[in-house]
Amino acid sequence: MEYKGITRTIPSQYKVCTACGSEQADIDDLRVNKRAMQAFKKKVDELLTGQEVKTLRENSHKKPSDESLL
């Protein structure tokens with residue numbers, strides 16, 4: 001994947017049919033793949049990824065509904 005001139009290999013999650021060898025991605029695979037691409041873009045933009053924000057919230061015992069998240 002290339003974003004703002006930076007190229008990285010982003011692993012994709014999918015399943016392969018044992019009968020014909022075709023590659024398919026179900027809704028869960030697509031969700032994982034989209035999150036991986038979004039995390040890459042956020043790293044390039046020097047922003048926190050969703051997982052990093054979640055970890056910070058868990059470590060500070062704050063909830064997404066709190067006014068001051070960080």
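These values consider heavy atoms only, across backbone and side chains, with no hydrogens, waters or symmetry-generated copies.
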- Query: If you look at every heavy atom in V16 and G21, which pair is closest and at what distance?
  - Reply: CG1-O, 3.6 Å
- How long is the span from the NZ atom in K54 to the CG atom in L56, to the nearest 0.5 Å? 12.5 Å
- In sequence, state the C-alpha distance, the side-chain angles, and the governing distance for T49 and K43, and then conclude on side chain to side chain contact (heavy atoms under 4.5 Å, CB included). CA-CA 7 Å; T49 65; K43 284 294 185 186; 4.1 Å; yes
- Derivation and outcome, side chain to side chain contact (heavy atoms under 4.5 Å, CB included), residues K42 and E52: CA-CA 11 Å; K42 287 186 177 192; E52 291 169 331; over 6 Å; no
- M1 to F40 - nearest heavy-atom pair and separation: SD-CD2, 3.7 Å
- Message: Is there a continuous path of hydrophobic side-chain contacts, each under 4.5 Å between heavy atoms, that joins V44 to M37?
- Response: yes
- Task: Run the numbers on C17 and K15 for side chain to side chain contact (heavy atoms under 4.5 Å, CB included), then give the verdict.
- Result: CA-CA 7 Å; C17 177; K15 295 170 182 59; over 6 Å; no
Which side-chain N or O atoms in residues 4-13 pair as donor and acceptor under 3.5 Å with protein atoms at least two apart or in another chain?
{"from": "K4", "atom 1": "NZ", "to": "D45", "atom 2": "OD1", "distance (Å)": "2.8"}
{"from": "Q13", "atom 1": "NE2", "to": "D29", "atom 2": "OD1", "distance (Å)": "2.8"}

- Could you state the interatomic distance from OH (Y3) to NZ (K41), rounded to the nearest 0.5 Å? 6.0 Å
